Peer 1: 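Supplied in structure tokens, the structure appears directly below.
In what follows, every chain begins at residue 1, and chains take the letters A, B, ... in the order their sequences are listed. A quick note: this is a predicted structure, and the numbers were derived from the prediction, not measured.
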Amino acid sequence: MENLISRYRNVTILVVILFAQVLGLAVQVRRSTQDESTRLIRVWAVDAVTPLEKAIVWSQSGIGNLWHNYFYLRGVRQENRELKQEIERLRIEQVRLNQDAEQARRLQALLGFKEQFISRTLPAQVIGSSGSEQSRSIYIDKGSRDGIKPDMAVITAEGVVGKVLRAFRTTSQVLLVNDQTSGVGAILEKSRLQGVLRGTPLGEVVLEKVMSDETVQAGERVVTSGGDQIFPKGLPVGTVTKVSPGAELFLNIRVKPAADLSRLEEVLVITQQEEKTPASAEGAPPMRAADILAQRLPSVPDRPPDDPNAPPPPTSGLKIFPAPTTSAAAGIPKASGASPASPSAASHGQSGQGSATTAGTTAKPHVDSAGTTNNAGNASSATKPNANSSATKPVTPRKPVAPAVKASDNATTGASGGQAQPASPQPDPQPKQLATEPTTPQEPPQ
Amino acid sequence: MPITYTSNEQIEVYRFSLPAAILVPLIAVFLQAFIPLRFHFFSIFDLPLLVVIFFAVARRSPVAGLLTGAAIGLLQDSLTGHPLGLFGIAKTVAGYGASSLGVKLDVENAGSRFLVTLFFYGLHEIVYFAVARGLVGLTLQWSWPRELGSAFANAFLAVILFALLDRFKQRT
């Protein structure tokens, strides 16, 4: 036996070395990647290679910055002019987007949606790659010393890049989204179809798990869905380039990444995310659905203080009932969202007393001429209606609010579209008097 | 030290200084990781494999060849996101094969270096794919045009690179 081994010494050593490596591979594959600690050999290899990479990248960028910032300034004035024009254009766009965003935040707050915010990012420079086409990963010059941990999202201004795979002391390995072992929860921006973004062996990116009976157009944008708990929702991922029937019941959707993964130089690591319910304004109490709807729907201004000498208002067959306590406390928006404090049948010439019922649940917020909301009303005022409450409010120019009445004489309620539901089946024995001021020009309900 | 003969001519066995034996593989791995960032096409080359073949052929010792291949392969594995051993196993086989061939054949001229590199690049890729798919479960796709293109590109580069690395050879 000994003679045999010495005779085939080289082959024996080859077999032993190969066996040891296969055994090592099997152990690594069997272990879960979650609790896998970084192998010492990886630390050594990274420590041996990355300092040189860092030094080269640092000197390269230093020389480049020196040249571009102090010597090569051709075309800077022209670029400056163009950038100023761009800023002007973006400012105008920002105003519009701010309003939309504010509205979205209010609605999210009302519905109790949690929103993920990127609260802290860390810029990092790309210093190296894996050097293999089979493993698509890069190295950045920030590590655990800088607060980086595995599974942190890495992005650029253009879109998603990948996630931190391993964090060493001064460097980190980032797994790119086009690696075949990566997976990103994604959603198609328009059709809202969800899928999983994966890399292919050829370095392409495909969106998987979208059923073949769905319609997906080329050119549609893909954003993160937030479902993977790594990437915040809404980050741009890429654009659909090709859609074809795939294996089994799913579509084969090819996606072009928004970030140029082959030319990465600087990236941002999302080191902290917060999940909170968005508020419309700092310190302001959350608005209720009824408040939002009251702003949006047409109505009439509140009555001025009663003038004892004024003639009595005309009456009609409408009657207002207060909302019950339960629905007001729950804050469930009814169809029109108007309140007992703001009946507005007058806008349709149906003011007066009658047998109409209110559909609102809470007191209507006060809206000034600028369109801002003063949440003057509250649930208690809705549950304990005061016949004079509407009369004591000063008349101010305000955004119209929808009428929240149901006419006993089958009159429709205008902006409420006739869908107003009675908040209480019990009629108020003392019907409230309606304001009779002429309505302001109505904005179409949104 | 095994001495073999081809065409009645003694094949020389070379050795390398310790700094060269350590730094050359390290620089190869470094360049392999760094250059593709700037020049993406460079990822078709496999500099660590070329270094393995060069050392194996020059030393003409199968044991030294397989150990060199294992060490450089594991170093290369360390920089990837995959389990350690994929490149390690493939380069161990390539190193052993190249040194075994070097014992039998004269591989000092450009033509034989080209052919040896062409062959062992193919062997390396086959072993790598087999291990990656069979043991690790990676879904790699074999593309003949790409593999052949890479094999020829590496073979051309090997001729130039081996000529440069010849300067580090020391006669025994």
Peer 1: Under a 4.5 Å heavy-atom cut-off, does chain B meet the side chain of A:Leu165, its backbone, both or neither?
Peer 2: side chain
Peer 1: Please indicate whether A:Lys54 has more than 12 foreign heavy atoms, meaning atoms of other residues, nucleotides or ligands, lying under 6.0 Å from its NZ.
Peer 2: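 Result for NZ/A:Lys54: enclosed.
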Peer 1: Go through the atoms of B:Phe87 and report whether side chain, backbone, both or neither lie under 4.5 Å from a heavy atom of chain A.
Peer 2: side chain
Peer 1: B:Leu75 and A:Trp44: side chain to side chain contact (heavy atoms under 4.5 Å, CB included), yes or no, with the steps?
Peer 2: CA-CA 9 Å; B:Leu75 188 67; A:Trp44 289 341; over 6 Å; no
Peer 1: Kindly say whether A:Gly131 contributes a backbone atom to a donor-acceptor pair with the side chain of B:Ser43 at under 3.5 angstrom?
Peer 2: no
Peer 1: Measure the shortest side-chain to side-chain distance between B:Val63 and A:Arg9 over non-hydrogen atoms and say whether it is less than 4.5 angstrom.
Peer 2: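 Of all side-chain heavy-atom pairs linking A:Arg9 with B:Val63, at least one is under 4.5 Å.
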Peer 1: Quick one: CG on A:Leu264 to CG on B:Leu37, what's the gap to the nearest 0.5 Å?
Peer 2: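 Answer rounded to 0.5 Å: 8.0 Å.
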Peer 1: Tell me, for A:Ser137 versus chain B, whether the close heavy atoms (under 4.5 Å) come from the side chain, the backbone, both or neither.
Peer 2: side chain
Peer 1: Rounded to the nearest 0.5 Å, what's the gap from CD1 on A:Ile41 to CG on B:Asp77? Could you check?
Peer 2: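 CG of B:Asp77 is found 8.0 Å from CD1 of A:Ile41.
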Peer 1: In a check of side chain to side chain contact (heavy atoms under 4.5 Å, CB included) between A:Ser135 and each of B:Leu79, B:Leu86, B:Leu138, B:Thr80, which one passes?
Peer 2: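 The residue from B:Leu79, B:Leu86, B:Leu138, B:Thr80 that satisfies side chain to side chain contact (heavy atoms under 4.5 Å, CB included) with A:Ser135 turns out to be B:Thr80.
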Peer 1: What part of B:Asp46 lies closer than 4.5 angstrom to a heavy atom of chain A: side chain, backbone, both or neither?
Peer 2: neither
Peer 1: Under a 4.5 Å heavy-atom cut-off, does chain A meet the side chain of B:His82, its backbone, both or neither?
Peer 2: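 Contact with chain A is through both the backbone and side chain of B:His82.
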Peer 1: Minimum heavy-atom separation for A:Leu25 to B:Leu84, with atom names?
Peer 2: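 That would be CD2-O, 3.4 Å.
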Peer 1: Report which part of B:Phe34 has an atom under 4.5 Å of a heavy atom belonging to chain A: side chain, backbone, both, or neither.
Peer 2: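 Backbone plus side chain of B:Phe34, per the 4.5 Å heavy-atom cut-off to chain A.
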Peer 1: Contact part of B:Leu67 toward chain A, heavy-atom cut-off under 4.5 Å: side chain, backbone, both or neither?
Peer 2: side chain
Peer 1: Within a strict 4.5 Å, meaning less than it, do heavy atoms of the A:Gln180 and B:Leu140 side chains meet?
Peer 2: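 Touching, per the 4.5 Å side-chain cut-off.
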Peer 1: Would you mind checking which part of A:Leu14 comes under 4.5 Å of any heavy atom in chain B, side chain (CB onward), backbone (N, CA, C, O), both or neither?
Peer 2: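 Both parts, backbone and side chain.
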Peer 1: Under 3.5 Å, is there a donor-acceptor pair between the side chain of A:Arg263 and the main chain of B:Arg38?
Peer 2: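 Here the side-chain-to-backbone pair does not exist.
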Peer 1: Is chain B contacted by the side chain of A:Thr181, its backbone, both, or neither, given a heavy-atom distance below 4.5 Å?
Peer 2: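 Side chain of A:Thr181 only, per the 4.5 Å heavy-atom cut-off to chain B.
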Peer 1: On a heavy-atom basis, which atom in B:Arg146 and which in A:Pro201 lie closest, and how many Å separate them?
Peer 2: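 Closest pair (atom of B:Arg146, atom of A:Pro201, distance): NH1-O, 4.4 Å.
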Peer 1: Would you give the length of the straight line joining atom OH of B:Tyr128 to atom OG of A:Ser132, rounded to the nearest 0.5 angstrom?
Peer 2: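 Spacing of OH (B:Tyr128) from OG (A:Ser132) equals 4.5 Å.
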Peer 1: I'd like to know if the side chain of A:Gln21 reaches the main chain of B:Ile89, judged simply by a donor and an acceptor atom lying under 3.5 Å from each other, with no hydrogens or angles considered.
Peer 2: yes
Peer 1: Measure A:Glu53 against the heavy atoms of chain B and call it side chain, backbone, both or neither at under 4.5 Å.
Peer 2: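 It is both, since atoms from each part get that close.
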Peer 1: What's the separation between atom CD in A:Gln134 and atom CD in B:Gln141, rounded to the nearest 0.5 Å?
Peer 2: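 Those atoms lie 11.5 Å apart.
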Peer 1: So for B:Phe39, is it side chain, backbone, both, or neither that comes closer than 4.5 Å to the heavy atoms of chain A?
Peer 2: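 Contact with chain A is absent: no heavy atom of B:Phe39 under 4.5 Å.
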Peer 1: Considering residues, nucleotides and ligands other than B:Phe16, do more than 12 of their heavy atoms fall under 6.0 Å from its CZ?
Peer 2: yes
